[in-house]
J.: 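Here it is: the structure, laid out below.
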2 protein chains.
Amino acid sequence: MPLRQAQKERTREAILAAALQLSHDAGLSQLSLRQVTRAAGVVPTAFYRHFDSMEEVGLALVEQSFMTLRRMIRDAQRDPEVVDNLIDASADVLVAAVKQNREHFAFVARERLGGPAPVRDAIQHELELFISELAVFLARVPELQSWSSDDVTMVAGLFVRNMVYRAEQVVATPDGRPDLEEEIKRKARREMRMIVLGFEKWRS
Amino acid sequence: MPLRQAQKERTREAILAAALQLSHDAGLSQLSLRQVTRAAGVVPTAFYRHFDSMEEVGLALVEQSFMTLRRMIRDAQRDPEVVDNLIDASADVLVAAVKQNREHFAFVARERLGGPAPVRDAIQHELELFISELAVFLARVPELQSWSSDDVTMVAGLFVRNMVYRAEQVVATPDGRPDLEEEIKRKARREMRMIVLGFEKWRS
DNA sequence: GAAGTCAGTGAACGCGTGTGCACTCAAATA
DNA sequence: TATTTGAGTGCACACGCGTTCACTGACTTC
């Protein structure tokens with residue numbers, strides 16, 4: 001990559017990182033351009049070389065956040081342990097992923113309903129995409145082979161909703177408390193099992 | 001009530017109503033004092049006769065919102081139809097309540113994660129209170145008599161989470177679409193049934 | 001090595017903001 | 001009826017904001 005372009009990329013990342021961090025206190029929408037550029041170590045007008053508005057920054061952050069999530073599920077599909085023991089393993093994967101990308105998950109949780117309309121819509125859209133992807137994955141799990149594709153999609157939806165809720169909890173959990181994290185995992189697992197059990201009973 | 005005090009109350013209501021309405025577009029936290037007082041038909045400095053900050057307005061709105069909710073569940077407990085046919089009836093009650101208090105529910109959904117910390121905490125607290133109240137109600141339902149109080153509380157938690165999620169959906173639904181509302185009710189009912197089924201299977 | 005490109009600069013602007021303060025004048029009190 | 005109270009007023013101020021524009025100077029291209 002040409003040096004010029006690389007430096008531009010670095011500044012862009014700095015702006016995104018600053019916005020992500022600052023939005024944690026007050027939400028994306030009441031973030032000021034000057035505040036963000038100050039934190040990014042750049043002059044206010046430089047912002048316009050990268051984004052037209054703060055909203056665009058928000059969309060870029062949504063993109064970043066879900067890239068992480070997509071990578072997570074792609075890796076999980078290759079891991080035989082996850083396929084064998086879906087529920088236990090996916091609770092571990094979820095908590096680990098949220099811990100490693102705490103700020104991104106907090107951003108998504110906060111802006112999913114609290115953000116500007118275009119950001120809200122983008123998050124909603126990404127979540128629906130994620131549900132579809134998860135459904136494709138679940139359809140390959142032996143126990144669910146006999147299920148209709150509608151039912152699998154509905155289970156995927158419930159799992160993702162559970163995931164969003166647990167992510168909210170992990171984000172709200174202080175950093176050095178593995179006991180609380182275990183509790184959240186335990187509840188997440190129990191709930192996923194109940195979803196499957198309830199579904200089986202419902203179908204019968 | 002003395003005339004003076006009555007007039008003060010009216011202005012206070014006007015400020016709250018203006019804040020509720022305006023926050024729908026952009027969120028409570030990026031609402032300006034002047035904007036709100038302008039919409040309330042009062043001069044900016046008059047604001048301070050009623051509130052110290054916008055945050056305090058937010059807390060008052062949380063209070064208002066949950067008063068509605070509490071009245072709703074209290075009425076429902078007296079209605080024999082609800083007790084007999086808990087799941088179907090409560091889905092109806094929920095959708096009706098959200099429709100009648102759309103702005104308050106939207107406010108709670110939005111500010112639950114997107115609002116200022118004190119408002120978020122207040123909403124969280126009210127939701128936990130509501131779960132307890134619902135658990136007391138559920139404990140009196142015949143089918144659940146044999147359940148442990150922990151299990152009943154957990155079901156109440158799942159019901160409330162379902163409720164919050166459905167409220168988000170109803171709020172996002174345009175007004176004149178009874179078909180979409182029916183769809184949401186249908187899903188809410190199905191999910192509550194699955195929760196109970198999954199729980200029964202889990203306990204066995 | 002000269003010419004061109006373009007990420008980042010810095011001064012300037014008009015605007016809406018929160019808040020302080022002295023005020024009015026109807027309602028409440030005595 | 002005379003006095004006090006206090007909800008709402010109107011002006012002023014300092015401040016941070018988004019955006020404009022002409023600029024610089026290192027990197028890229030030729």
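Numbered from 1 within each chain, the chains take letters A, B, ... in sequence-line order. Computed over heavy atoms, backbone and side chain alike; hydrogens, waters and symmetry mates excluded. These numbers come from a predicted model, not from an experiment.
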J.: Atom pairs under 3.5 Å, N or O on each side, protein against nucleotides 21-25 of chain D: can you list them with distances?
T.:
none

J.: If I take atom CZ in residue A:R10 and atom P in nucleotide D:dC27, what distance separates them, rounded to the nearest angstrom?
T.: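 Answer to the nearest Å: 12 Å.
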
J.: Salt bridge or not for A:R189 and A:D92, using N-O below 4.0 Å?
T.: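 Counted as a salt bridge, because a side-chain N and a carboxylate O are separated by less than 4.0 Å.
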
J.: Would you mind reading off the distance between A:L3 atom CG and D:dA26 atom P, rounded to a whole angstrom?
T.: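 Rounding to the nearest Å, CG of A:L3 and P of D:dA26 are 13 Å apart.
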
J.: Which residues in residues 36-44 of chain A have at least one heavy atom lying under 4.0 Å from any atom of DNA chain C?
T.: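 Under 4.0 Å from DNA chain C: A:V42, A:V43.
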
J.: Sequence neighbours left out, what passes salt bridge (Lys or Arg N to Asp or Glu O under 4.0 Å) with B:D79? Give chain and number order.
T.: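 Applying salt bridge (Lys or Arg N to Asp or Glu O under 4.0 Å) to B:D79 gives none.
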
J.: Would the number of heavy atoms belonging to other residues, nucleotides or ligands and lying under 6.0 Å from CD of B:Q21 be above 12?
T.: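 No, not enclosed.
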
J.: Would A:R10 and A:E13 pass as an ion pair if we require N to O under 4.0 Å?
T.: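 Salt bridge: no.
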
J.: Does a salt bridge link A:E181 with A:K99, judged by any charged N lying under 4.0 Å from a carboxylate O?
T.: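 Between A:K99 and A:E181 there is a salt bridge, with a charged N closer than 4.0 Å to a carboxylate O.
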
J.: Tell me which one of B:E183, B:R190, B:K185 satisfies side chain to side chain contact (heavy atoms under 4.5 Å, CB included) with B:K187.
T.: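 Of the listed options, the one satisfying the test is B:E183.
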
J.: Please report, rounded to the nearest Å, how far the P atom of D:dG18 is from the CD atom of A:E56.
T.: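 A:E56 atom CD is separated from D:dG18 atom P by 15 Å.
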
J.: Take the protein atom OH of B:Y48 and the nucleotide atom C1' of D:dT9, then report the distance between them rounded to whole Å.
T.: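 To the nearest whole Å, that distance equals 15 Å.
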
J.: Using whole Å, what does the distance between atom C1' of nucleotide D:dT19 and atom CZ of A:F51 come to?
T.: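 For the pair A:F51 CZ and D:dT19 C1', the rounded distance is 18 Å.
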
J.: Rounded to whole Å, how long is the line connecting atom CD of A:Q7 with atom P of D:dC27?
T.: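 Whole-Å distance recorded here is 9 Å.
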
J.: Can you tell me if A:D52 has over 12 outside heavy atoms packed within less than 6.0 Å of its CG?
T.: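 Counting other residues, nucleotides and ligands, CG of A:D52 stays at 12 neighbours or fewer.
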
J.: Does a side-chain N-to-carboxylate-O contact under 4.0 Å join B:E182 and B:R177?
T.: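 The answer is no: the pair does not qualify as a salt bridge.
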
J.: Apply side-chain hydrogen bond (donor to acceptor under 3.5 Å, both in side chains) to the pair A:R140 and A:Q145, showing each step before the final yes or no.
T.: CA-CA 7 Å; A:R140 290 215 288 266; A:Q145 286 292 351; over 6 Å; no

J.: For B:Q100, what residues pass the side chain to side chain contact (heavy atoms under 4.5 Å, CB included) criterion, not counting sequence neighbours?
T.: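 By the side chain to side chain contact (heavy atoms under 4.5 Å, CB included) rule, B:Q100 matches no residue at all.
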
J.: Quick check: are there more than 12 heavy atoms from other residues, nucleotides or ligands sitting under 6.0 Å from CD of B:E81?
T.: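 Open: at most 12 neighbouring heavy atoms sit under 6.0 Å from CD of B:E81.
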
J.: List in numerical order all residues of residues 11-34 of chain B for which some heavy atom is under 4.0 Å away from an atom belonging to DNA chain C.
T.: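 Going residue by residue through residues 11-34 of chain B, the ones with a heavy atom under 4.0 Å of DNA chain C turn out to be B:S32, B:L33, B:R34.
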
J.: Using a strict 4.0 Å threshold on nitrogen-to-oxygen distance, state whether B:R193 and B:D88 make a salt bridge.
T.: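 A salt bridge links B:R193 with B:D88.
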
J.: Which is the 5'-most and which the 3'-most nucleotide of DNA chain C that has an atom under 4.0 Å from a heavy atom of chain B?
T.: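 The contacted stretch runs from C:dT17 to C:dA28.
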
J.: Do A:R70's NZ or CZ and the ring of A:F130 fall within the cation-pi criteria of under 6.0 Å and 45°?
T.: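 Cation-pi check for A:R70 and A:F130: fails.
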
J.: What integer distance in Å separates A:D52:CG from D:dG18:C1'?
T.: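 Spelled out: CG on A:D52 to C1' on D:dG18 is 13 Å.
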
